[in-house]
Structure formats: structure tokens, C-alpha cells
Amino acid sequence: MTLDLTTAAERARLVADDVLFPAAQHTDTADQVPRENLDSLRDAGLNGLQGPTDVPGGLGADHSAARPIAEAVAGGCGATAFVWAQHHGAVRRCAGGEGPARDVWLPKLCDGSVLAGIGFAYLRRPGPAAVRATAVGDGWRIDGEAPWITGWGRADVFVIMARAEDGSVVTVMVDQPYERSELTAGPPQRLAAMGSTGTVALRFDALVLGANSVIGVQTSEAWSLRDRVGSALPPAAPLGIADRAVRLLSDTDRPTPLLASTRSHLTDALEARRRAADEVAGVVASVSAGEADPVGLESAILRGALERERGLDLARRATDALVAASGGGAMALSHPAQRLSREATFYLIQAQTGSLREATLARVARDPYP
């Protein structure tokens, strides 16, 4: 029987509170996200969250339905949530593909038998393509270097996007990644946050993949539009971080009327951001379905960027409050306040585009103390 989304959300909260959060401080400083963390999400039936319902394990959640589930996981453990988020990016790309690899891999991704990573952020950069695709028979040869690939050492397969000579974007599935001599991974990146996510630079040296590995090919314009629309969706993770920080404020040993007022204010702000995020997701969905003109599209993207920034700001304010309320102990690596603060900072740059950067800088430039 297909898992309903209400039950999926309940399971996500249980896994986050009972499995992920109690181990989150250890996971934060570990070499790798523990396999048990990822298995707990798989066993809860959550790996096909945004997969189509006609595929075994696919729950068919749109962005709004997926939000509370992704929020819960992010509030449980940031590193686990980020590795897990890569899998869902791969599910969405595979579900939207038209190549033969879709039918082979999508059921395995959705039922949890395979965990995926994904690489594509480098496509947003100007200049020569970082990862290139060259047609070879009915398949493609992949060359170049992806500077950021997350989940190395944990993911079983990787969805990789590369730029062809005509500018189109080729999406392929790379299986058996650790057995391929054409792939060379650098050492794990030393990061201020998410250091246990297995994030590496990955080099491709004449990796030849046949037609059965092809998920799809898009024009540059089609890919760019999809990427801009996707980036306009406010991410759930900062709201999950804010939620965990607000909940922990209730557990501080220095209760004061001001602390209670702060907690109440942040709780109200969190609910407002959730409602607004879902409203934006609805607008973006209608735009992507072709129900808006180009002016409407740009308006939706701008609105999404602004709402995303508001969510990021809330995560920063909530974690600042938790650090301040926790006192000097918040700086200990064993304390969740400093970890949540670093994770909130991470989302200032994750999946950042020019419009998102401008929204952040515009907010910072507004002096709250005239």
C-alpha cells in the first residue's frame, strides 16, 4: 500500500527526533554521515517522496507537501538532510527525463534500493563548461571536473549533468562510481558546516556511457528556465533549522519573560514563513505549467527569491537567539546551538543564484537601527 503524505510527515518527525537529532553532534564532526541515518529515512519509506505515484515507492509530493517532511529531517540533522536532499534532486531529474535510464533507475531510487547523488551547480557558472559531454555513437563521453559533488562514499549512483558543444545539457546516470577508473575524487572538502557530507571535487576523464545511461537532453534555454523556476522555490531546510532552534529555546535553563516573548515571536514568524513558502510554491507551479506570461514568470521568480531570503533570515535570527540564550556553552562542539548556527549560514550560499545573492545583500544593507 502506498504511504500517504500525512503518515510520511509523522514518520519523518519520529526519525528526526528519535534517530537523527540525538546523534547530530557526532554526525557533524564524523568523517561521513552514518549509513544508519540514511537507512532510517529509507526504511521510513521516504526516499520516493517526490517520485511519481505510478512508480513503486513514489509518494507524488509537490513542493508544499514535501516541505514539512524536509523541514523535519533538516531539523534533525543538517548533514544527513543535505546528503538525503541530493537523492531527491536525482529523483526529480530522473522523473522528468525521457531517456531509457529513467525507467531503469527511477523505481530503484523511489523504493530506496539505491541512494543517489547529483551534480549540476557548475552549469550555472559563466565561461567554459566545467563538465563537458561529447556524443559518442548513441551515448556520451563525459570530461571535466565537478567542483562540488556531495554524498561521495555514501551514494550508490550519481546523476551528472554536462554541457554539450551546442550548449544543450545532457543528463546521465553514472552507476558503479567507485569502480570506474575514469572517475577521480579529490579528498573530502574541509567545510565550516556539512563537513561529513562526503563533498568532493570529482574529475571525469573520458567516461563513456551508452544510451541506457542517458536520462535526457535539454536545450540550454529549457534547462536554464527549469533551474530558475526551481531556485525560486523557498527551501525547507532553513525553516527546519529555525524550528529546531525555537524548540530548543524552550529547554534553556535561563527562562525569562524576554526569552518567552522571543520564542513566541519566532514561532509566529515561522508559521508565517511556512504559509508564504507554500503560497509561492503554488504560484511557481502555475507558472511552470505555462499559466503565466513572461512577465508573470519574472514576478514569480522575484517573489520566490524574496521569500527564500526571508526564510534564511529567520533561520539566522532563531539560531542567534539560541546561541545568546545558551551562553558560553553554545560554543562547545557538543552543543547544538553552534551547529545549527553554522548550518543556517550554509544555506546563505547553497543553490545561490544572482537574484538570490542580491536579495540577501539588499536585506543586509537595510540598517535596522536608523
Show every donor-acceptor pair shorter than 3.5 Å between a side-chain atom in residues 102-111 and any protein atom, with sequence neighbours excluded, or say none if there are none.
unit_1	atom_1	unit_2	atom_2	d
Arg102	NE	Ala95	O	3.0
Asp111	OD1	Ser113	N	2.8
Asp111	OD1	Ser113	OG	2.8

- Task: Kindly state each residue pair satisfying salt bridge (charged side-chain N to carboxylate O under 4.0 Å, His left out) with at least one member in residues 51-68, sequence neighbours excluded.
- Result: Arg67-Glu71, Arg67-Asp278
- Item | Listed partners of Arg42 passing salt bridge (charged side-chain N to carboxylate O under 4.0 Å, His left out), at least two apart | Asp39
Without placing hydrogens or testing angles, list every side-chain donor-acceptor pair under 3.5 Å for residues 204-222, not counting sequence neighbours.
unit_1	atom_1	unit_2	atom_2	d
Asp205	OD1	Arg203	NE	3.1
Thr219	OG1	Ala222	N	3.0
Ser220	OG	Arg163	NH1	3.1

- Would you please name every residue forming a salt bridge (charged side-chain N to carboxylate O under 4.0 Å, His left out) with Arg132, sequence neighbours left out? none
- Excluding Leu14, membership of its hydrophobic cluster (Ile, Leu, Val, Met, Phe, Trp, Tyr; side-chain heavy atoms within less than 4.5 Å) reads none
- Item | Partners meeting side-chain contact (heavy atoms from CB on, under 4.5 Å) with Arg263 (sequence neighbours left out) | Val246, Leu249, Ser250, Leu259, Ala260, Thr267
- Task: Check whether any side-chain N or O of Thr319 sits under 3.5 Å from a backbone N or O of Arg316 as a donor-acceptor pair, and report yes or no.
- Result: yes
- Given the options Arg275, Arg274, Arg273, Glu307 meets salt bridge (Lys or Arg N to Asp or Glu O under 4.0 Å) only with Arg273
- For Asp4, the side-chain contact (heavy atoms from CB on, under 4.5 Å) test, sequence neighbours excluded, returns Thr6, Thr7
- Task: Any pair with a residue in residues 166-187 that passes salt bridge (charged side-chain N to carboxylate O under 4.0 Å, His left out), sequence neighbours left out, goes on the list, sorted by first then second residue, please.
- Result: Asp175-Arg180
- Non-neighbouring partners of Glu10 that pass salt bridge (charged side-chain N to carboxylate O under 4.0 Å, His left out), sequence neighbours left out: none
Check residues 15-25 and write down every donor-acceptor pair under 3.5 Å in which the side-chain atom is one partner and the other belongs to a residue at least two apart or another chain.
unit_1	atom_1	unit_2	atom_2	d
Asp17	OD1	Arg244	NH2	2.7
Asp17	OD1	Arg247	NH2	3.2
Asp17	OD2	Arg247	NH2	3.2
Gln25	OE1	Arg339	NE	2.6
Gln25	OE1	Arg339	NH2	3.2
Gln25	NE2	Leu333	O	3.0
Gln25	NE2	His335	O	3.1

- Task: With sequence neighbours left out, write down each residue that passes salt bridge (charged side-chain N to carboxylate O under 4.0 Å, His left out) with Arg13, or none if nothing qualifies.
- Result: none
